[in-house]
Amino acid sequence: MRSRCSAALLGFLLVIAGLVGFTQTAQAANLLTNPGFEAGSLSGWSCSGGSVITSPTHSGGFALNGAVSGSDFAQCSQTVAVQPNTAYTLSAWVRGSYVYLGVTGGASTWTPSASGYTQLTVAFTSGASQTSAQIYLHGWYGQPAYQADDVNLDGPGGTPPAGGAPGVPGTPSVTGTTSSAISLSWGASTGTVTGYRVYEGATPVKTVTGTSTSVDGLAACTSHSYTVAAYNSNGESAKSAAASGTTAGCTSTGLPKHALIGYLHASFANGSGYVRMADIPSQWNIINLSFGEPTSVTSGDIRFNRCPASECANVESDADFLAAIKAKQAQGKKVLLSIGGQNGQVQLTTAAARDTFVNSVSAIIDRWGLDGLDVDFEGHSLYLNPGDTDFRNPTTPVVVNLISALKTLKAKYGTKFVLTMAPETFFVQIGYQFYGDGGNGGDNRRGSYLPVIHALRDSLTVLHVQDYNSGPVMGLDNQYHTMGGADFHIAMTDMIKAGFPVGTTGQTFPGLREDQIAFGLPAASSAGNGYTAPAAVHQALDCLVKGQNCGGYSLRGGSSPSFRGLMTWSINWDKYYNWEFQNAHAPYLAALP
């Protein structure tokens, strides 16, 4: 009896074992292509900042590495065919800080910290008419790189449409703006289209089924650049060309759309002669009084001394100077105090120097009734201490204290306060290759204006980088550009509009609004190295403003119809050369759309 029961029990267990085995092998296959990256590539995936690595992996020989930056969280995605109203399970093994797994428009999960590979799992049910799903992995802004491996989407597959992924949509156009939204429309893609994804950088910000949408929830007076991709269950098209727009709500600067900006030697002659304030032609929209200088490098105590009669024989009286400033302002011109220059080294190394800077600059502004401040720090005024590698959160006192001082001045004088900056390329665009000492004892001034520009971007009226007295600089095309021709101004200015990765920090400097951007030139060959003939300047303006006549350079930031204008060193040198700069460029700026 016992042997017969044992035999029966054994037979029953074998049947159960067989059923268990059958259930396991009957599970739906993984719907993803190249789920473990064992192709040794990103085949099947659409990634920003992604690459395949051989270590660390969860299994096999390869895994995904997502290189996060300050403006890109390194998303990798894949679109697959699914069946409507059906349950699916998505999982992945991930490693790193702030790693996300999810379905676009649906469920997601994340881990704040995984020092070793950890499995994330998301369950979701497709919609009643849904035939495709985009699954994604990404990290988070400013965090270290993340890794992912063995991604699995479990459930029944749908039927992909014939013909593969859709064609590229038409270039979007901005159809309207408010203080919190930008409306877009674009041409339809060819092929079978499930929907369209609108991207800002690598991040999808809208998913729609039609060919128009409004991206909302934006801050006032901010610039954004969008591309569009079409998708179906076979995958996603390449992205369209970019369209840029700026939300409404900007405070009026009182400046013309395209302005002429010049420095006035108000405290010295410099071989070019003195120009009285009342004698400056009306074409100049911003006049920078040069220079406010410190009593010592680290005092923060700024003084503005008018040119003495012994050096400037035709200098006007203080009363006439003040009256002329008021007359210019009545015409809508802006008169600013420019601090620094070649000889005015300013290092705000302490909080006391910062406070002295604010008080002394305020006294000068109030004494002459000025409209604002121009920051022309050169030489060794700004630098980055070792280990200060995050331009968004600087720690070097001379940088931190300058930011604090400028914010205090802006808050004191309000929205009408005009703030401009005139850094050299070494302090801005060189940051694309090198930031600070780079950890290897390099020049710690490289890119050191970037944290100041970034911190003041909402208060900055105009940034006019000095496109002169510069060596060759690498542009976003990874080619070196040399001053003196249209190409240099196009490439350098495009970097400011498009933004750029900062050295080897893994962070990206976001571009400025186009109305905040100008570039600087010597008024004549005697005024500085890098003089550019008017025809070449006009070629650069045509490219930057209208997207025309760009030569061999392709604009990464798109054209800038609201590009602010031109700065020159200096008004005095221009008068010395019979107003060549003014006469060539003021009419051209006025004629731009």
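Keep in mind that the numbers below use all heavy atoms, side chains included, and drop hydrogens, waters and symmetry copies. These figures come from a predicted structure and were not determined experimentally.
D150 CG to E38 CD: the interatomic distance, rounded to the nearest 0.5 Å, is 7.5 Å. For the atom pair NZ (K239) and OG1 (T227), the distance works out to 5.5 Å, reported to the nearest 0.5 Å. Between the CD atom in Q516 and the OG1 atom in T253 there is a gap of 10.5 Å [rounded to 0.5 Å]. In this structure, CD1 in I430 is found 10.0 Å from CG in D443, a value given to the nearest 0.5 Å. Rounding to the nearest 0.5 Å places OH of Y263 at 13.0 Å from CD1 of I287. Taken to the nearest 0.5 Å, the OH atom of Y468 stands 4.0 Å off from the CE atom of M567.
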Going through the checks in order, is the side-chain contact (heavy atoms from CB on, under 4.5 Å) test met by Y531 and S526? CA-CA 9 Å; Y531 170 78; S526 300; over 6 Å; no
Intermediate values then yes/no, side-chain contact (heavy atoms from CB on, under 4.5 Å), T247 and I182: CA-CA 6 Å; T247 53; I182 296 176; 3.9 Å; yes
Could you give me the CA-CA distance, side-chain angles and deciding distance for E200 and H224, then say whether side-chain hydrogen bond (donor to acceptor under 3.5 Å, both in side chains) is met? CA-CA 7 Å; E200 182 163 14; H224 303 268; 2.8 Å; yes
T350 vs T298, side-chain contact (heavy atoms from CB on, under 4.5 Å): CA-CA, chis, key distance, verdict: CA-CA 8 Å; T350 64; T298 59; over 6 Å; no
What verdict does the side-chain contact (heavy atoms from CB on, under 4.5 Å) test give for I571 and F581, after you've listed the backbone C-alpha separation in whole Å, the side-chain angles of each residue and the deciding distance to 0.1 Å? CA-CA 9 Å; I571 293 173; F581 190 93; over 6 Å; no
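In this structure the side chain of L370 never reaches within 4.5 angstrom of the side chain of L336, judged on heavy atoms. Side-chain contact between N549 and C543: absent, with no pair of heavy atoms (C-beta onward) separated by less than 4.5 Å. With a 4.5 Å cut-off on side-chain heavy atoms, L463 and I517 do not count as touching. Between L419 and K410 there is no side-chain heavy-atom pair separated by less than 4.5 Å. With a 4.5 Å cut-off on side-chain heavy atoms, D477 and S554 do not count as touching. At least one side-chain heavy atom of L264 sits under 4.5 Å from a side-chain heavy atom of N572. When side chains are defined from C-beta on, E514 does not count as touching L544, because their heavy atoms never get closer than 4.5 Å. Contact of the Y199 side chain with the V228 side chain is not registered, since no non-hydrogen atoms from C-beta on lie closer than 4.5 Å.
A donor-acceptor pair is defined here as one N or O able to donate and one able to accept, closer than 3.5 Å; no such pair exists between the side chain of R446 and the backbone of G431. With T57 contributing its side chain and T54 its backbone, the two residues share no donor-acceptor pair below 3.5 Å. Listed for the R445 side chain is no donor-acceptor partner under 3.5 Å among the backbone atoms of F427.
Shown here are the ring pair (Phe, Tyr, Trp, His ring centres under 6.0 Å) partners of F488, two or more places apart in sequence or in another chain: there are none. Remark: H464 engages no residue in a ring pair (Phe, Tyr, Trp, His ring centres under 6.0 Å) (not counting sequence neighbours). Among residues two or more places apart in sequence or in another chain, the ring pair (Phe, Tyr, Trp, His ring centres under 6.0 Å) test is passed with Y136 by H138. Residues passing the side-chain contact (heavy atoms from CB on, under 4.5 Å) test with N385, sequence neighbours excluded: Y383, T396, P397. By the salt bridge (charged side-chain N to carboxylate O under 4.0 Å, His left out) test, D542 pairs with K546, sequence neighbours left out. Listed by chain and number, the residues in a side-chain contact (heavy atoms from CB on, under 4.5 Å) with N469 are N529 (sequence neighbours excluded). E236 pairs by the salt bridge (charged side-chain N to carboxylate O under 4.0 Å, His left out) definition with R197, not counting sequence neighbours. Judged as a ring pair (Phe, Tyr, Trp, His ring centres under 6.0 Å), and not counting sequence neighbours, the contacts of F268 are H265.
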Listing, residues 95-102 side-chain donor-acceptor contacts under 3.5 Å, not counting sequence neighbours, or none:
from : atom 1 : to   : atom 2 : distance (Å)
R95  : NE     : S115 : O      : 3.3
R95  : NH1    : Q147 : OE1    : 2.7

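The heavy-atom pair separating P172 from S240 by the smallest distance is CD-OG, 3.3 Å. Residues C250 and R513 approach most closely at SG-NE, 4.2 Å, considering heavy atoms. When all heavy atoms of C76 and G50 are compared, the closest pair comes out as SG-CA, 4.4 Å. Minimum interatomic distance between V399 and S448 (heavy atoms only, all atoms of both residues): CG2-O, 4.3 Å. In terms of heavy-atom proximity, A527 sits nearest to P522 at CB-CB, 4.1 Å. The heavy-atom pair separating V428 from F500 by the smallest distance is O-CZ, 3.7 Å.
H481 and H489 are not linked by any side-chain donor-acceptor pair at a separation below 3.5 angstrom, with hydrogens and angles left out of the test. Using modelled atom types, one finds a donor on one side chain and an acceptor on the other under 3.5 Å when comparing D376 with Q466.
Screening L589, L512, V462 against R564 for a side chain to side chain contact (heavy atoms under 4.5 Å, CB included) leaves a single residue, V462.
The ring-ring contact (aromatic ring centres under 6.0 Å, His included) pairs that include a residue from residues 43-63 are F37-W45, H58-W93, H58-Y117, where partners are two or more places apart or lie in different chains. Listed by first and then second residue, the side-chain hydrogen bond (donor to acceptor under 3.5 Å, both in side chains) pairs involving residues 417-426 are D374-T420, T425-S470 (not counting sequence neighbours). The ring-ring contact (aromatic ring centres under 6.0 Å, His included) contacts involving residues 433-462 comprise F391-H454, where partners must be two or more places apart or lie in separate chains.
Cation-pi geometry between R457 and F509 is met: under 6.0 angstrom from the ring centre, within 45 degrees of the axis.
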